[in-house]
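Written out below as structure tokens is the structure these notes cover.
Within every chain, numbering begins at 1; the chains are lettered A, B, ... in the order of the sequence lines, protein sequences first and strands thereafter.
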Number of protein chains: 2
Amino acid sequence: MTDGCDGEVTDDATDDAKADGGWTDAEEEIMLATYRALLEHGYAGLSISRIADELDKSKASIYYHYDSKDDLLGAFLAYAADRFQSSILTESGDDPREDLERVIEKLLPLRPDEEERQIQAVFLGLRGQAVTNATFREQFTELDEQLAATIREVVERGIDEGAFRDVDADRVAEHVLATINGAMYGRATSDRETAVAAVRVSLSSYLDAELRRS
Amino acid sequence: MTDGCDGEVTDDATDDAKADGGWTDAEEEIMLATYRALLEHGYAGLSISRIADELDKSKASIYYHYDSKDDLLGAFLAYAADRFQSSILTESGDDPREDLERVIEKLLPLRPDEEERQIQAVFLGLRGQAVTNATFREQFTELDEQLAATIREVVERGIDEGAFRDVDADRVAEHVLATINGAMYGRATSDRETAVAAVRVSLSSYLDAELRRS
DNA sequence: GTCTATATAAGGATAGAC
DNA sequence: GTCTATCCTTATATAGAC
């Protein structure tokens, strides 16, 4: 699982200047094509040919940048995780209770637009592979770890500031994360649309009861 | 997605008498071989050849019983869902609060044995496909619907009997189901083992706070 | 860096014997 | 019902020209 790049580490502007994350233009095009192919065909139907179809380049050019399909998939997961995380870990306001709602709304939007639905569908499709793919497992372990930490830190801040009761922040964070993940997962893999709304309501009332000082 | 059986509907004991669920012996052998193949190779690595390897029969014999791989997969999901449900919907005791804990422990065991882990891994692997497979989606929609109904009914019974406060049973059921599903999903697709324990503790304390009459 | 052409393997599915 | 043999398609991956 290398990045297919021949030792280019410096930051100076070459023809293929790396973007922030560390991908050349060509590589990013491949990542985007992979994303579109996953959307259309799902993980089970993903092939190098299908990715090439979404790209306006040939299959062989993909193998110039990535050693194998596994290599490409590993890179794609890193790419997707990077973008996913930076979309969640936004700036925080001054009310921790509002920050919690913001995180929840980001991860489990009440009315997701088409793009949000698609991103989550692709993500969950990949995550399903983590059951049998060790590399994927590690990535998702790290991702959940980060999300849990984010939630935990907001709760801890609320406690420190005196806005919340002195609860076990870790326990609350794991509860919230599991509930969000479960509802997200349910939304992507079933047609029980009303379930998400019920969970959102229940989660908010849980947090009010658990955190609010009386 | 037929069952590959030529109109046999009656119950009399033929040479290939159907078992309870409606599968002949040969079909059940194929289902078990499919299960083993999924365990070993995951959904993405599942092939008719691999199933035949787990069976002591040839690929062609599988096609005698099922028209296509899709057909077989549909049958397998029905088979697995059937067994999964009947393992959850066990007899209920007289204390609704204990019944809730029993359902939770069934779905999210604190210390799952190897078989429980495997069943959940296979299940989650299949569920991941529901993102892009309509037939799978319908099956998992139905399954979640049943689980939610089971939980809701226990809560409603508790309310009727005066053991619980008069909460919104549907809301509570959806919350519990999402939290269980999220933790189950996390356990199968990441290595955050302590997360499940935290969720179990938090879920119990949530139910105590939400349901207990004061 | 990208292309065309191709090697090689594996997969789904069928034919026809028993 | 099950087998062997086979067809056809698709997949991953590479070779070599430009």
*Assess whether side chain to side chain donor-acceptor pair (under 3.5 Å) is satisfied between E28(A) and Y79(A), documenting all intermediate values.*
CA-CA 9 Å; E28(A) 185 141 26; Y79(A) 174 84; 3.1 Å; yes
Rounded distance in Å - [atom1] ([X]) to [atom2] ([N]):
X	N	atom1	atom2	answer
K57(A)	dT4(C)	NZ	P	13 Å
D25(A)	dT2(C)	CG	P	10 Å
D67(A)	dA13(D)	CG	P	9 Å
H65(A)	dA13(D)	NE2	C1'	16 Å
K69(B)	dG11(C)	NZ	C1'	8 Å
I62(B)	dG11(C)	CD1	C1'	13 Å
Y66(B)	dA13(C)	OH	P	14 Å

Can you tell me how far [atom2] of [Y] sits from [atom1] of [X], rounded to the nearest 0.5 angstrom?
X	Y	atom1	atom2	value
Q120(A)	L107(A)	CD	CG	7.5 Å
E27(A)	F76(A)	CD	CZ	14.0 Å
Y66(A)	S61(A)	OH	OG	11.0 Å

*Quick one: do R102(B) and D99(B) satisfy salt bridge (charged side-chain N to carboxylate O under 4.0 Å, His left out)? Show the steps, please.*
CA-CA 5 Å; R102(B) 193 154 37 231; D99(B) 280 1; 2.4 Å; yes
_Check whether F136(B) forms a cation-pi arrangement with R127(B) (NZ or CZ under 6.0 Å from the six-membered ring centre, at most 45° off the ring normal)._
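Judged by the rule (NZ or CZ under 6.0 Å from the ring centre, within 45° of its axis), R127(B) is not positioned above F136(B).
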Compare side-chain N and O positions of [X] against OP1 and OP2 of [N] and report whether any pair is under 4.0 Å apart.
X	N	result
Y64(B)	dG1(D)	yes
S58(A)	dC3(C)	yes
Y63(A)	dT14(D)	no

*asked:* Looking at E115(B), I'd like to know if its CD atom is crowded, meaning that more than 12 non-hydrogen atoms belonging to other residues, nucleotides or ligands lie closer than 6.0 Å.
replied: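 12 or below, so no.
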*asked:* Is it the case that atom CG in D113(B) sees more than 12 heavy atoms from other parts of the structure closer than 6.0 Å?
replied: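 Atom CG in D113(B) is crowded, with more than 12 foreign heavy atoms closer than 6.0 Å.
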*Can you sort out which residues in residues 36-53 of chain A have a heavy atom within less than 4.0 Å of DNA chain C? Ascending by number, please.*
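The stretch gives none, as no residue of it lies under 4.0 Å from the strand.
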Give each protein N/O atom lying under 3.5 Å from an N/O atom of nucleotides 5-8 of chain D, with the pair distance.
none

*So does E210(B) pair up with R171(B), basic N to acidic O under 4.0 Å?*
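So E210(B) pairs with R171(B) through a salt bridge.
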